[in-house]
Amino acid sequence: MALVLLMAFGSVVMWIGVPIGLIYLASRIADSARPSAGPYLLVLIGLPVGMAIVGKCLGTLDRLHGRLTGRHEERHRATWLRSMRAERTSTRRGGVLDQVMIVSVGLALVAFGVWFFGFAGSSLPTG
């Protein structure tokens with residue numbers, strides 16, 4: 001249960017913590033309201049790198065969870081790497097991380113919809 005909660009926390013960090021943290025860091029680096037390219041590059045490069053690092057950590061937690069629960073599978077060969085004559089059915093089942101990520105993305109979409117339609121207001125000129 002602790003690993004699943006840690007994966008859920010890591011998912012929130014991946015989708016919310018990394019972008020907000022990079023934006024905050026870029027705002028601290030910027031010395032004026034019209035900064036140079038440095039803060040923009042920090043966010044542009046840091047976002048995929050930070051998300052990849054968190055994603056690797058989440059994958060490690062998922063594999064650890066699989067070993068502890070006995071759901072550990074041997075390496076799965078991607079469909080696009082198989083021969084055209086190979087068996088087309090897949091026996092691979094998603095792990096807990098797949099479910100955690102699906103739920104976190106679903107909740108993020110719902111939260112975005114509530115914010116956008118309920119609290120964001122209109123940026124169109126009134127007239």
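Contact between L61 and L3 at its shortest, heavy atoms only, is CD2-CD2, 3.7 Å. The two residues L58 and L97 come nearest to each other via the heavy atoms O-CD2, 3.6 Å. Of all heavy-atom pairs between M101 and M14, the closest is CE-SD, 4.0 Å.
The CE atom of M1 sits 9.5 Å away from atom NE2 of H65, with the distance rounded to the nearest 0.5 Å. Residue L22 holds its CG atom at 11.0 Å from CD1 of I45, rounded to the nearest 0.5 Å. With rounding to the nearest 0.5 angstrom, the CD1 atom of I20 is 11.5 Å from the OG atom of S27. Taking CZ of R28 as the reference point, atom CD1 of I23 lies at 14.0 Å (rounded to 0.5 Å).
In this structure, R63 and T60 have side chains that are in contact, with non-hydrogen atoms separated by less than 4.5 Å.
In the hydrophobic clustering of ILVMFWY residues, with side-chain heavy atoms under 4.5 Å counting as a link, V4 and L64 come out together. Note on L5: it does not cluster hydrophobically with F9, by side-chain heavy-atom contacts below 4.5 Å among ILVMFWY residues. L6 and V105 fall within the same hydrophobic cluster, defined by Ile, Leu, Val, Met, Phe, Trp and Tyr side-chain heavy atoms under 4.5 Å apart, directly or through other members. Residues F116 and L109 do not share a hydrophobic cluster, clusters being chains of Ile/Leu/Val/Met/Phe/Trp/Tyr side chains in contact below 4.5 Å.
Between the S11 side chain and the M7 main chain, no donor and acceptor come within less than 3.5 Å of each other.
Using cut-offs of 30° and 60° on the angle between ring planes, the pair F112 and W115 is tilted.
Exactly one residue among L47, I53, V49 makes a side-chain contact (heavy atoms from CB on, under 4.5 Å) with V18. That residue is L47.
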